[in-house]
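Predicted model, so just to flag it, every value in this text is computed and none were measured. Here is how names work: the chains are called A, B, and so on, in the same order as the sequence lines, proteins then strands, and each is numbered from 1.
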Amino acid sequence: MAPLLSVEHVSKNFGALKVIDDLSLSLEAGEALGILGPNGAGKTTLFNLIAGDLAVGAGTISLADRDITGLPAYARCRLGIGRTYQIPHPFGNMTVFENVLAGAAFGATRREAESYERCVELMRLTNLLSKANQAAGKLTLLERKRLELARALATDPKILLLDEIAGGLTDTECQLLIETVRAVHASGVSIVWIEHIVHALIAVVGRLFVINFGQKLAEGDPRAVMDSPQVQEVYMGIEAE
Amino acid sequence: MSATAAPLPAFRIERSTRTSWIGLAVAAVAIVVLISLPWWGGEDDLRLIVEICYTIALAQLWNLLAGYAGLVSVGQQAFVGIGGYALFGLTIIAGVPPIPAVALAGAVAAILAVPTALIVFRLRGAYFAIGTWVVAEVFSEVTGLLPDLGAGTGMSLPVAVSRAVGETRFERETVLYYMGLVLGIGTVAAVFAWLRSRQGLALTAIRDSETAAGSIGVNNDRTKYAVYLLAALVTGMLGAVIYLEKLRISPDAAFDVIDWTADVIFIVVIGGIGSIEGPFIGALVFFGLRYFLADYGAWYMILLGAVAVVIMLLARRGLWGLLADRYDIHFFPVRRRVRLE
């Protein structure tokens, strides 16, 4: 059976710059995959290609057996790809609740009234319940990141793409976030997580994929990957706990 | 973040607020007053109210396009003109009675909006704005080439068609008044119903972030397309009623960018873009300024421009934006609030 997500020989150029260069990656159902790489390695671009915010230059992207390379972002979301943005994109003049509700109403294509409970549950999970009626544009950066997570989960994703949601958290907050992501994973959602905070990543994912200059640098068991010489070289100065 | 499995707190979803009940009461009183106007108001009052009605309707539609769907059209005069000309064509050439002709004129505008959308939807931002204007000019030029519709100099509506609206002058004015009123109130009600619905959630999401709307499953293109077609349909009907009242049509007047689009943009921007209340406030300011300053000619236009510049600099979301930010009031309850019990 085909993997849940397969990215095959995908390339993307911005002008003369090769951001993603013949990259292949796959994700099995139920897996949690961590993506690591220096700034500018092409991690967020990879997410934009998978989620459909950008069109690939070459290659194919498939969800289970279905080729989704040509589908627009909204259709990929409805098929089960949920994502958070590294720089949060809240619906600023809508309330927190309405943000989450919009995800449930369109991504999961439920009837509106049937999604209320799920939205309240997700706001509680992300600790936003007390802010439910506040305009999302007035949230702090950390709250916006939690809203990204709640809104993406509201679309009932099969695969959740998390783009640096742990940055800027205190140790305690980070620990709580790890527990939340684990709970989401345990509920059956497959996860691809881009994160610079390596210990958070390793606490959740079963496999690491390291990108450098738009190409695969290393892949495999998290600790083995972190200990490998080429990763050590790229990550000189970044400590793997 | 807590990942507990405790039961959810009890909650309910509220759709109305205290100010929205006040809004509803005011609207109900206003509608009753307006319905009774022909019995106690003069002909000038009727004409003014009709003008305010169609101006607010045009403003609501432009606000839906630009304020929500991100479609900054400078070419809505295309559909006023098409509606007006469709009315003349349908009544004079096809012999359709004037009132059904108004509805058909809207349909004609919506049908012509389909190929128009195919062209302008390929453009984004400022190019879209210019594209819509160019398309409106093309419609104007083409209309000027139709000899049966008065070509470039325009034509008058035959007395027989006017008679079909009403036998006496009073009867005609009253019928036209109610048509304007129905279209005005109907447009506001339709915009309100749309924004309050599930589709309104999509439209509001697009207003705030197109990228994020796509990522949570909102079909942005289809939503925008639907807004564009609805705006064309209703603008076409409004154009038909406007020219049924004016009795004379010409390409220059019917496709005039100042009357049918620039004034409308002024109203929406001044009042507050991206809300239903904004166009009402803007229309109040616009008609107020005109009432007090219309005799000053060029100074009136200069002052209008100055007001627009000052408000755009000091209140980027318009006068309503200032009020709504400070007092959290909503006369049209389109939002959803969670009340934990």
For residues 190-212 of chain B, which residue pairs pass the side-chain hydrogen bond (donor to acceptor under 3.5 Å, both in side chains) check, not counting sequence neighbours?
Glu210(B)-Lys224(B)
Nearest heavy-atom approach of Cys77(A) to Gly217(B) is SG-N, 3.4 Å
Any side-chain heavy-atom pair of Asn133(A) and Arg335(B) under 4.5 Å
no
side-chain hydrogen bond (donor to acceptor under 3.5 Å, both in side chains): which pairs involve residues 263-275 of chain B, sequence neighbours left out?
none
So which part of Leu101(A) gets closer than 4.5 Å to some heavy atom of chain B, the side chain, the backbone, both or neither?
both
Looking at every non-hydrogen atom in both residues, tell me the closest pair between Pro9(B) and Leu129(A) and how far apart they are.
CG-CD2, 3.9 Å
Heavy-atom pairs under 4.5 Å with chain B are the metric here; pick the option from Ala136(A), Gly103(A), Ala104(A), Gly52(A) that has the most.
Gly103(A)
What distance separates Phe11(B) CZ from Arg124(A) CZ, expressed to the nearest 0.5 Å?
11.0 Å
Region of Ala51(A) that comes under 4.5 Å of a non-hydrogen atom in chain B
neither
Checking heavy atoms, do the side chain of Ile13(B), its backbone, both or neither come under 4.5 Å from chain A?
side chain
Glu98(A) side chain vs Arg336(B) backbone, donor-acceptor pair below 3.5 Å:
yes
Portion of Gln175(A) that has a non-hydrogen atom of chain B nearer than 4.5 angstrom
neither
Heavy-atom nearest pair, Ala212(B) first then Tyr85(A), reads CA-CE1, 4.2 Å
Is it the backbone or the side chain of Tyr116(A) that comes under 4.5 Å from a heavy atom of chain B, or both, or neither?
both
I'd like to know whether CD1 of Ile87(A) has more than 12 heavy-atom contacts from other residues, nucleotides or ligands below 6.0 angstrom.
no
What residues, two or more places apart in sequence or in another chain, satisfy side chain to side chain donor-acceptor pair (under 3.5 Å) together with Glu14(B)?
Arg12(B), Arg339(B)
Taking atom OH of Tyr127(B) as the centre, report whether more than 12 heavy atoms of other residues, nucleotides or ligands fall under 6.0 Å from it.
no
With a 4.5 angstrom heavy-atom cut-off, is it the side chain or the backbone of Arg222(B) that approaches chain A, or both, or neither?
neither
Pair count under 4.5 Å, heavy atoms only, with chain B: among Ala102(A), Ala132(A), Ala108(A), highest is Ala102(A)
Toward chain B, the part of Asn93(A) with a non-hydrogen atom under 4.5 Å:
both
Side-chain heavy-atom pair Arg337(B), Thr95(A) within 4.5 angstrom cut-off
no
Only heavy atoms, only distances under 4.5 angstrom. Which residues in residues 151-161 of chain A are near chain B?
Arg151(A), Thr155(A)
Chain B interface, residue from Pro90(A), Ala105(A), Ala73(A) that has the most non-hydrogen pairs under 4.5 Å:
Ala105(A)
Taking atom CZ of Phe106(A) and atom CD1 of Ile216(B), what is their separation to the nearest 0.5 Å?
7.5 Å
Supply the atom-to-atom distance Met94(A) CE to Leu201(B) CG, rounded to the nearest 0.5 angstrom.
4.5 Å
